[in-house]
Amino acid sequence: MLRSHTCGELRIANVDQQVTLCGWVDKYRDHGGTMFLDLRDRYGRTQVVVNPDSGTDNVEVAKKLRGEDVVLIEGVVSARLMGKDNMKLPTGEIEIRATRVQLLNRSLTPPFFPNQEELPGEDLRLKHRFIDLRRSSMQETLILRAKIIKAMRDYFADNDFIDVETPILGRSTPEGARDYLVPSRVHWGQFFALPQSPQLYKQILMVAGYDRYVQVARCFRDEDLRADRQPEFTQLDMEMSFVDANDIIAMIDGLMVQLADKMLGIPLTTPLPRMTYDEAMRRFGSDCPDLRFGMEIVDCSDLAAQTSFRVFRGAVDEGGHVRGIKVDRRAEEFSRKRIDELTEFTKNDFGAKGLAWFRVEQDGSLWSPISKNLEPAVLDGIKSRFQAEPGDLILMLADTWEVTCKGLNGLRRRLGAELQLYDPKQMHFSWVVEFPMFDKDEESNRWVAMHHPFTAPRSQDLESLKKSPGDCRAQAYDLVINGYEAGGGTIRIHDHSTQQDVFDLLGMTAEMARDRFGFLLDALSYGAPPHGGIALGIDRIVMLFARLDNIRDCIAFPKTQRAMDLMTEAPGSVEHKQLHELHIQVETPPAKS
RNA sequence: GGGGCCGUAGCUCAAUUGGUUAGAGCACUGGACUGUCGAUCCAGAGGUUGCGGGUUCGAGCCCCGUCGGCCUCGCCA
């Protein structure tokens, strides 16, 4: 090592020691005779003093130093002059009196500085990620990420899990998300797919008797990006044999207790709260509700059925619902303009036809543009159903079940954030369980698997599997943290005939199933144990534990919303020769390289 | 594919209803200064207002297109 110490470790106890430090020039303050250099590495910052005692050559080198130059400093640890301590720094009681100043490498003037207070635009940060990653907040996040992954690995190792790697080059399956494809050179016109998850492999491992499997697995999905979605992301993937849903949940409960304790010092009590999917949709309109605050959905469909007001009555007559949420005591904060914005929000983002609203006046009456259309009994009913008090604001949607869920969930999340209805440091962990097995695809009017087609139905729902698939509930569980889906898993089907029933229901013939998943069906036929597992979104968990609001800040080299890496400029075009070897022709040649 | 926000000096931002030579802080360059830690002081350099077109006597500002970043619906576990 060129250095004897890091820039974060020297203290008053080290005074008089001869040391060598290496790092980047974080800041320089040149007073002519005396010069101060703040030397930075990932461990901290240490002040270096260069003055005539350091020697003319060293002064000359120091004078020319600028931010982000890389230097080596030899010197003696000294207590700072009386009253010159900097209590903002852990090293603020000492300084290095330089006896040698060596420039290890000059830096160009960077487009931005790691220590600058205003964050540059994200495109600039991504293009110069090597600078951005020097920022202490990025370093803290990546260090937290490493700690979380270490804690996860330790936890599963302690519980006798075996870490097994699964292929990156796999086979495309038409289920689920769009695949990233990799052309095969050897096999003309054929493609590998990058894994969306190691789902099938881990099930095979269970059949093979590796009854506790774990992997930190990179996954790929070629779908549009979001603040919490990247095209490649990392899962803590695990699978267990001879278990039921409670066993998996308990295992993850234990992990969350450790993570919350070790990373945040937050004590969690287990079992973590659970809620069924149906209850979550009814009370919060979401399968991953943010439970840090209330503002639960109130259903007034029965009241709406009694009115002659067409908007309400019509929605119910058409099989829809009239539901709403209530803002407590803060109606005066909602101008007409703000309510109009919320109305546009529900229309544009969730396809609602409109947003009905009521303000509770001081006399207890409900004021609304539509009050005159509603019978007094109905207004009274709404008021008491919401337990409305003067100053409250009620927001209601009259629409299909789905639109009321999405719209009210959207409103609830938005208002929860805007009105600061929760402490941003608060963390809420819970489970949503008993998801439906199937979802009706509107376009083709066919059943599609809500999770994936290997999900086992609840044993008591086996009857409904064929009779009324919409009522069939799965042995599925999602981990929800602060309104984010942090992970999800299921107990899998382990017998061939149930698996075939599900394939049938999904409109998959035996031939199709054999063609796509033949190896899995084979495996299930050779002594498959009951098994199940879960995958946790590591990027999202890091985001939540770091209290960040986007996943890119938790990933060293993330992609932009258009799935580009601005630093490497990937994806890029390739040589014609490469395409030729792969037997690929590009339909429309790119306009420019 | 749809909706929205943004793009002005290296960086962060400002610029009256569309009106003279587009400004500030930081950074940068040169100089001064032996105790600063957001050092200070003096001087200087730095701009095709993302790009292309249009409207106008006149466009950073208005309109159309396009490129890029972000948020979001669809999509996606």
Side-chain angles (χ1 to χ4, degrees), chain A residues 26-38 45-54 59 66-68 80-89 91-92 95 97 108-113 115-128 131 175-179 196-197 199 219-231 233 235 287-288 341 344-352 403 406-407 410 413-414 432 435 439 442-443 449-452 455 476 478-480 484-490 534-537 540 549-550 552 559-562 564 566 591-592:
Chain A
D26 194 60
K27 208 80 188 172
Y28 62 94
R29 294 175 293 280
D30 185 352
H31 289 247
T34 298
M35 198 179 163
F36 301 95
L37 297 171
D38 289 342
R45 261 163 54 189
T46 300
Q47 173 164 289
V48 175
V49 182
V50 183
N51 61 22
D53 296 342
S54 306
V59 169
R66 292 295 178 269
E68 302 311 304
R80 292 197 183 186
L81 299 186
M82 195 69 97
K84 301 296 182 185
D85 295 349
N86 182 355
M87 298 321 281
K88 289 181 199 163
L89 289 181
T91 62
E95 62 194 7
R97 297 192 165 262
L108 295 174
T109 301
F112 59 95
F113 287 88
N115 60 11
Q116 74 184 46
E117 60 284 9
E118 306 107 332
L119 208 55
E122 189 159 4
D123 44 352
L124 201 73
R125 291 175 52 207
L126 292 174
K127 182 170 170 55
H128 305 274
I131 306 292
E175 301 290 323
R178 192 177 294 114
D179 284 321
Q196 296 177 24
S197 78
Q199 183 60 40
C219 306
F220 306 85
R221 289 176 193 163
D222 188 4
E223 296 292 345
D224 286 351
L225 277 54
R226 286 286 188 284
D228 62 349
R229 269 167 30 195
Q230 281 276 302
F233 56 102
Q235 289 188 341
D287 63 357
C288 50
E341 283 169 5
E344 286 307 304
F345 173 60
T346 56
K347 284 183 179 174
N348 286 334
D349 280 12
F350 308 107
V403 170
K406 288 179 180 174
R413 283 172 189 265
R414 176 170 169 164
V432 172
F435 280 70
D439 213 5
E442 295 299 331
E443 285 177 29
M450 193 145 176
H451 196 94
H452 55 58
T455 300
D478 276 9
L479 176 67
V480 179
Y484 284 89
E485 181 197 327
T490 63
I534 192 168
L536 305 178
R540 281 187 192 170
D549 59 5
N550 87 70
R552 293 181 302 279
K559 308 240 178 332
T560 67
Q561 191 159 57
R562 291 187 61 252
M564 296 240 317
L566 295 183
K592 42 186 171 178

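Numbers restart at 1 for each chain; the letters A, B, ... are given by sequence-line order, proteins then strands. Because the structure is predicted, anything quoted here is derived from the model rather than measured.
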Query - Atom P, compared across B:A24 and B:A45: separation rounded to whole Å - result: 12 Å

Query raised in the report: Does B:C41 pair with anything, Watson-Crick or G-U wobble, both distances under 3.5 Å, and if so, with which nucleotide?
Result: B:G31

Query raised in the report: Going by heavy atoms in the side chains, are A:Arg552 and A:Glu122 under 4.5 Å from each other?
Result: yes

Query - Phosphate-side-chain proximity, A:Lys406 and B:G74, N/O vs OP1/OP2 below 4.0 Å - result: yes

Query raised in the report: Base, sugar-phosphate alone, or nothing: which one does A:Glu122 contact when heavy atoms must sit under 4.0 Å apart?
Result: sugar-phosphate

**Report entry** Sidechain-backbone polar pair: A:Arg229 side chain, A:Asp224 backbone, donor-acceptor under 3.5 Å
**Finding:** yes

Query - A:Glu341 CD to B:G3 P, straight-line distance once rounded to whole Å - result: 18 Å

Query raised in the report: Looking at CZ of A:Arg178 and CZ of A:Arg221, how far apart are the two atoms once the value is rounded to the nearest 0.5 Å?
Result: 13.0 Å

Requested in this report: Produce a footprint string for nucleotides 29-41 of chain B: one letter per nucleotide, 5' end first; B if the base is under 4.0 Å from any protein heavy atom, S if only the sugar-phosphate is, - if neither.
Outcome: SS--BBBBBSB--

Query raised in the report: CZ of A:Arg178 versus P of B:G74: gap in Å, rounded?
Result: 15 Å

Query raised in the report: Using atom P of each nucleotide, how far apart are B:C5 and B:C64 to the nearest Å?
Result: 12 Å

Requested in this report: Look at all strands and tell whether A:Gly176 reaches a base, only sugar-phosphate, or nothing, counting heavy atoms closer than 4.0 Å.
Outcome: sugar-phosphate

**Report entry** Matching residue for A:Glu95 among A:Val48, A:Asn86, A:Val49 - test: side chain to side chain contact (heavy atoms under 4.5 Å, CB included)
**Finding:** A:Val49

**Report entry** Strand partner of B:G52, provided both Watson-Crick or wobble distances fall under 3.5 Å
**Finding:** B:C64

Query raised in the report: A:Gln561 has an atom CD; how far is it from atom P of B:U72, in whole Å?
Result: 8 Å

Requested in this report: Could you work out the separation of B:G46 and B:C28 based on their C1' atoms and round it to a whole Å?
Outcome: 9 Å

Query raised in the report: Roughly how far apart, to the nearest Å, are B:U56 and B:A22 at atom P?
Result: 25 Å

**Report entry** Derivation of the salt bridge (Lys or Arg N to Asp or Glu O under 4.0 Å) call for A:Arg29 and A:Asp38
**Finding:** CA-CA 9 Å; A:Arg29 294 175 293 280; A:Asp38 289 342; 2.9 Å; yes

Query raised in the report: Between CZ of A:Arg125 and CD1 of A:Ile131, what distance do you get to the nearest 0.5 Å?
Result: 12.5 Å

Requested in this report: May I ask you to say what A:Leu124 touches in the nucleic acid, namely base, sugar-phosphate or nothing, with a heavy-atom cut-off under 4.0 Å?
Outcome: sugar-phosphate

Query raised in the report: About how many Å separate CZ of A:Arg66 and CG of A:Leu108, when rounded to the nearest 0.5 Å?
Result: 14.0 Å

Query raised in the report: P atom, B:A77 versus B:G18: distance in rounded Å?
Result: 48 Å

Query raised in the report: When all nucleic acid strands are considered with a 4.0 Å heavy-atom cut-off, which category describes A:Met35: base, sugar-phosphate, or nothing?
Result: nothing

Requested in this report: With heavy atoms under 4.0 Å as the rule, sort A:Phe113 into base, sugar-phosphate or nothing.
Outcome: sugar-phosphate

Query raised in the report: Can you tell me how far P in B:U8 sits from the matching atom in B:G47, rounded to whole Å?
Result: 15 Å

Requested in this report: Could you let me know what B:A24 is paired to, Watson-Crick or G-U wobble, both distances under 3.5 Å, or none if it's on its own?
Outcome: B:U12

Report task. Could you give the distance separating B:G65 and B:A27 at their C1' atoms, to the nearest angstrom? Result -> 36 Å

Requested in this report: Tell me what A:Arg229 touches on the nucleic acid: a base, only sugar-phosphate, or nothing, going by heavy atoms under 4.0 Å.
Outcome: base

Query raised in the report: Hey, does A:Arg414 have a side-chain heavy atom less than 4.5 Å from the side chain of A:Phe345?
Result: yes

Query - Inter-nucleotide C1' distance (B:C57, B:U66), Å rounded - result: 29 Å

Query raised in the report: What is the distance, rounded to the nearest whole Å, between atom CG of A:Asp228 and atom C1' of B:U72?
Result: 11 Å

Requested in this report: Can you tell me the distance, in whole Å, between the CD atom of A:Glu223 and the P atom of B:G1?
Outcome: 14 Å

Report task. Could you check how far CZ of A:Arg226 sits from C1' of B:G69, rounded to whole Å? Result -> 16 Å

**Report entry** Sugar-phosphate, base or nothing in reach of A:Gln196, heavy atoms under 4.0 Å
**Finding:** sugar-phosphate

Report task. Look at the side-chain N and O atoms of A:Arg552 and state whether any lies under 4.0 Å from the OP1 or OP2 oxygen of B:C71. Result -> yes

Requested in this report: Remember a base hit wins even if backbone is also touched, and classify A:Gly488 as base, sugar-phosphate or nothing at under 4.0 Å, heavy atoms.
Outcome: nothing

